[in-house]
Amino acid sequence: MTSLFSSIGVYRVFFHKLRSFPGPYLARVSKLWHVWKCVKSRSRNHLILDDLYKQYGDFVRTGPREITVFHPDILYAIDGPGTKCSKTDWYDILLPEIAINTARDKSEHDHRRKIWNRAFTTSALAEYQHDVVAGLAGNLEEIIEKAARDEEVVRFDECAYWFGFDVMGQFAFTQSFHMLKSREWHHAVSLLRATGQLLGTFSPVPWLSQVGFQVGGNLLKGVRDWNEGLGWCRGRMAERIKSTIKKRDISSYLIEESQKMGSLEQDRIWLNSDAITMVVAGSETTSATLIFLFNHLARDPIHQLKLFNELAAVPDISNHAVLQNLPHLNGVINETLRLHPPVPTGGNRETPPEGITVAGTYIPGNTNIVAPRYTIARLETCFKDASSFIPERWYNEGSEMKGNDNRKGFAPFGIGRYGCVGKQLALAELRLVTALLVKKYKFWFAEGGDGQEVFDGMIDKFTVEPGGELKLKFRLRSGSTPRPDSAVLGSVDASSYYE
Ligand code: HEM
C-alpha cells in the first residue's frame, strides 16, 4: 500500500502533465490539503485562493489535476460561446439528488433548462412577479417601519434572509415560509442553511462529501439536517403536484411538462431535487447580496443620498421598467455583486480532451478548472481602484473610472448554458427592496457597529454567507425633497449632490 501511494505521489509531483504549473507542493499530491485549509479558515475558500493568486500569479496548480485560473479571460473560456468545457465531478456532490444545477450530462441539462426557461420568460415573470416581490417587500417594510417608529435596532441580515426565502417559497410552491410575518426562522430553512456550511468545508474533495452524505446517515448532524431539509422540500413538491390551485409558480411549469409527457413518476427525482434548488439557489444568493448592499450603503451614506435623489424623480417605484434604467441604483447593485459575488469560487469545469488555451497559456485536457469570481472581479487589471465601492463606474458619470475596466472579469450570474436562470428575478428583487427602503428611510449602523465583520467574516459555502450580524437603525425621511442631512452623512461632504 505504502509503495502504491508513494508511486502515485512521485508521478503527480514529477511526471504529471500539470507539473510545470506553480502552486503549493502538497496540492500536487492530494486535494486533502485544501480541505484542511478550509477547515482551518472556517470555510473561507475565497481568501485561500486569493492568497494563492498573490503568491503564484494567474495560473496555479491547486490539485493533482486542477488548475485555478485568475485571468479574466477564463470565465468566457469555460462557459462562453463555443466552449467545450463541461461540469466537473464536483456536481455529483449531492448524488443521488440530481437537479438542473447539478446535471452534468449536457443534453439532459439542456432538456431541463428548456422547461425551467418557460418559468422565467418575461411574460411568465410578469404574471407572478409583481404581486409576490412587491407583497413581500411590503412585509419587510412593515418590520422596518415599526422599528423606525419605536427607534429599535433592526437585524437587517435576518430580515434579508427571511425576505429571500419567503419570496422563493412563494415562487417555488405558492407557499411562503411566512418568516417576515412571524419574525421567526422557519425550521426547514434553518436546516438547509446549516448543511450548506458542510458543503463549504468539504467542497474541494467532492467524494469525501459524498461519503459523508451516503455513510454519515443519521450519525452526522449536518447530514441529518440535510436529509430533514430535503424531506421538507419533497413534501412541498408532493403537495404542489396534488394541489388544484390555479396560480402560477415555478413548480407549476415543471409539473405541467411532466404531466404532458406522461412522465410524472419518472421525473420525481428531478422535481424533488429542483425543489431544493429553487429554495436554496434563489434565496441565499439574493439575501446575501441585499446584506452586502445595505452594509455598503450604511458605510457610505453618500450613496444613500445619490439613490434618494435619483428615486425622488420616480413617482411609482413599483414600476420595474423604470427601476431597471436608474443608473445609480443599478450601479450600486452591480458594484455589490462585483465585490461580493454570491458564488465566489464555485462553478468548476473540466477541459475537453484536447485542452484549452487561455491568455496564451495551454491547459491540458481533462483538467479541472476553478475560476474564482471573487478574486477575478477585484483585479486591478480589470477595474481601476478595484477594491473600492464605486457604483459610478457602471455608468458614464466619472468616466475616468471606466477607462481601465475589463468587464470580462464580471460575471456574477455566470454565463452560457449554465448561467443563472433566475438573474432577472434576482435583479427585480434587489432593485425593488433597495428603492423602497432608500426612498423612505435613512439608515446607519446601530451603536458600536461598523459593518466590517459582515465583509471580513464572510464564508464561502458554494454560495456566500456574510459574516456577523448587520444591525441597522432606520429613520423615516421627513419629505421627498432631496436635502443633505448631517445626522446620516456624518463627516461626508454631500453638498455637491444638491446643487
Ligand atoms: C443575486 C442573485 C443570484 C446570483 C448572483 C446567482 C448566481 C448564479 C450562478 C453564478 C450560477 C451558475 C452556477 C454554476 O455554474 O454552477 C447560477 C445558476 C443558477 N441559478 Fe442563480 N443566482 C442568483 C439568483 C437566483 C435566483 C433568484 C434563482 C431562482 C430560482 C436562481 C436559480 C438558479 C438556477 C436554477 C441555476 C442553475 C442554472 C443551470 O444550470 O442551468 N438563481 N446562479
Side-chain angles (χ1 to χ4, degrees), residues 120 125-149 154-186 189 247-250 278-279 282-298 303-304 307-308 310-312 314-326 328-330 332-333 336-337 342 422-443 470 472 474-477 480:
F120 286 86
L125 282 176
E127 198 179 323
Y128 49 81
Q129 179 167 291
H130 185 268
D131 288 352
V132 174
V133 179
L136 289 164
N139 291 164
L140 170 61
E141 206 232 317
E142 280 166 23
I143 297 181
I144 308 287
E145 190 180 30
K146 179 177 180 309
R149 203 175 46 236
V154 175
R155 272 286 302 275
F156 193 80
D157 52 323
E158 288 192 330
C159 292
Y161 276 112
W162 294 344
F163 171 75
F165 276 96
D166 277 0
V167 167
M168 281 323 300
Q170 195 70 24
F171 271 123
F173 318 111
T174 314
Q175 199 175 102
S176 164
F177 291 95
H178 297 300
M179 291 191 287
L180 286 169
K181 278 279 184 206
S182 68
R183 299 180 191 189
E184 274 178 17
W185 287 93
H186 190 287
V189 170
K247 268 196 170 170
R248 275 300 195 184
D249 52 30
I250 305 173
M278 288 175 220
V279 172
S283 45
E284 293 251 271
T285 44
T286 313
S287 308
T289 308
L290 273 178
I291 295 167
F292 287 125
L293 192 155
F294 274 74
N295 202 43
H296 273 295
L297 295 184
H303 294 300
Q304 289 187 43
L307 282 174
F308 177 63
E310 191 173 74
L311 291 162
V314 178
D316 175 14
I317 54 155
S318 67
N319 185 338
H320 186 65
V322 173
L323 297 190
Q324 209 171 336
N325 289 311
L326 295 180
H328 204 67
L329 177 62
N330 290 286
V332 163
I333 292 170
T336 305
L337 289 167
K423 177 177 176 181
Q424 292 312 326
L425 170 59
L427 289 173
E429 291 179 53
L430 295 169
R431 287 178 188 129
L432 184 69
V433 172
T434 309
L436 179 70
L437 297 185
V438 174
K439 187 159 182 183
K440 275 187 93 167
Y441 302 93
K442 302 159 186 166
F443 49 90
L470 176 54
L472 296 178
F474 285 78
R475 188 194 304 148
L476 200 61
R477 286 185 182 272
S480 60

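Just so it is clear, the structure is predicted and the values come from calculations on it, not from any experiment.
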Kindly write out the residues that satisfy salt bridge (charged side-chain N to carboxylate O under 4.0 Å, His left out) with Glu158, not counting sequence neighbours, or none if the list is empty.
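Salt bridge (charged side-chain N to carboxylate O under 4.0 Å, His left out) check on Glu158 returns Arg155.
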
Which residues share a salt bridge (charged side-chain N to carboxylate O under 4.0 Å, His left out) with Arg248, sequence neighbours left out:
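Arg248 satisfies salt bridge (charged side-chain N to carboxylate O under 4.0 Å, His left out) with Glu256 once adjacent residues are dropped.
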
As an exercise, state the distance from [atom1] of [X] to [atom2] of [Y], rounded to the nearest 0.5 Å.
X: Met278; Y: Phe171; atom1: CE; atom2: CZ; result: 12.5 Å
X: Thr434; Y: Leu326; atom1: OG1; atom2: CG; result: 11.0 Å
X: Glu284; Y: Tyr161; atom1: CD; atom2: OH; result: 5.0 Å
X: Leu432; Y: Leu329; atom1: CG; atom2: CG; result: 9.5 Å
X: Lys423; Y: Phe120; atom1: NZ; atom2: CZ; result: 14.0 Å
X: Phe308; Y: Leu297; atom1: CZ; atom2: CG; result: 14.0 Å

Backbone N/O of [Y] and side chain of [X]: donor-acceptor pair under 3.5 Å:
X: Ser176; Y: Gly169; answer: no
X: Asn330; Y: Leu323; answer: yes
X: Arg477; Y: Val438; answer: yes
X: Gln170; Y: Val132; answer: no
X: Gln304; Y: Phe443; answer: yes

Identify the two heavy atoms, one from Glu310 and one from His328, that lie closest to each other, and give their separation to 0.1 Å.
OE2-N, 2.7 Å

ring-ring contact (aromatic ring centres under 6.0 Å, His included) with [X]: which residues, sequence neighbours excluded?
X: His186; value: Phe177, Trp232
X: Phe292; value: His340
X: Phe173; value: none

Taking only residues two or more places apart in sequence, or in another chain, which ones meet [X] in a side-chain contact (heavy atoms from CB on, under 4.5 Å)?
X: Leu436; value: Ala137, Glu141, Ile317
X: Thr286; value: Ala426, Glu429, Leu430
X: Asp316; value: Ser318, Asn319
X: Glu184; value: Ser182

Please determine whether side-chain contact (heavy atoms from CB on, under 4.5 Å) holds for the pair Leu437 and Phe156, giving the CA-CA distance in whole Å, both sets of side-chain angles, and the decisive distance to 0.1 Å.
CA-CA 12 Å; Leu437 297 185; Phe156 193 80; 3.9 Å; yes

Going by the angle between their ring planes, with limits at 30° and 60°, are Phe474 and Phe294 parallel, tilted or perpendicular?
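Plane angle between 30° and 60°, so tilted.
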
Can you list everything that forms a side-chain hydrogen bond (donor to acceptor under 3.5 Å, both in side chains) with Thr285? Sequence neighbours excluded, please.
none

With sequence neighbours left out, which residue pairs that include part of residues 171-182 fulfil the salt bridge (charged side-chain N to carboxylate O under 4.0 Å, His left out) condition?
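Non-adjacent pairs meeting salt bridge (charged side-chain N to carboxylate O under 4.0 Å, His left out): Glu142-Lys181.
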
Within residues 163-173 or reaching into it, pairs that qualify as salt bridge (charged side-chain N to carboxylate O under 4.0 Å, His left out) - sequence neighbours excluded
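Residue pairs with at least one partner in residues 163-173: there are none.
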
side-chain contact (heavy atoms from CB on, under 4.5 Å) between His296 and Val332, worked out:
CA-CA 9 Å; His296 273 295; Val332 163; over 6 Å; no

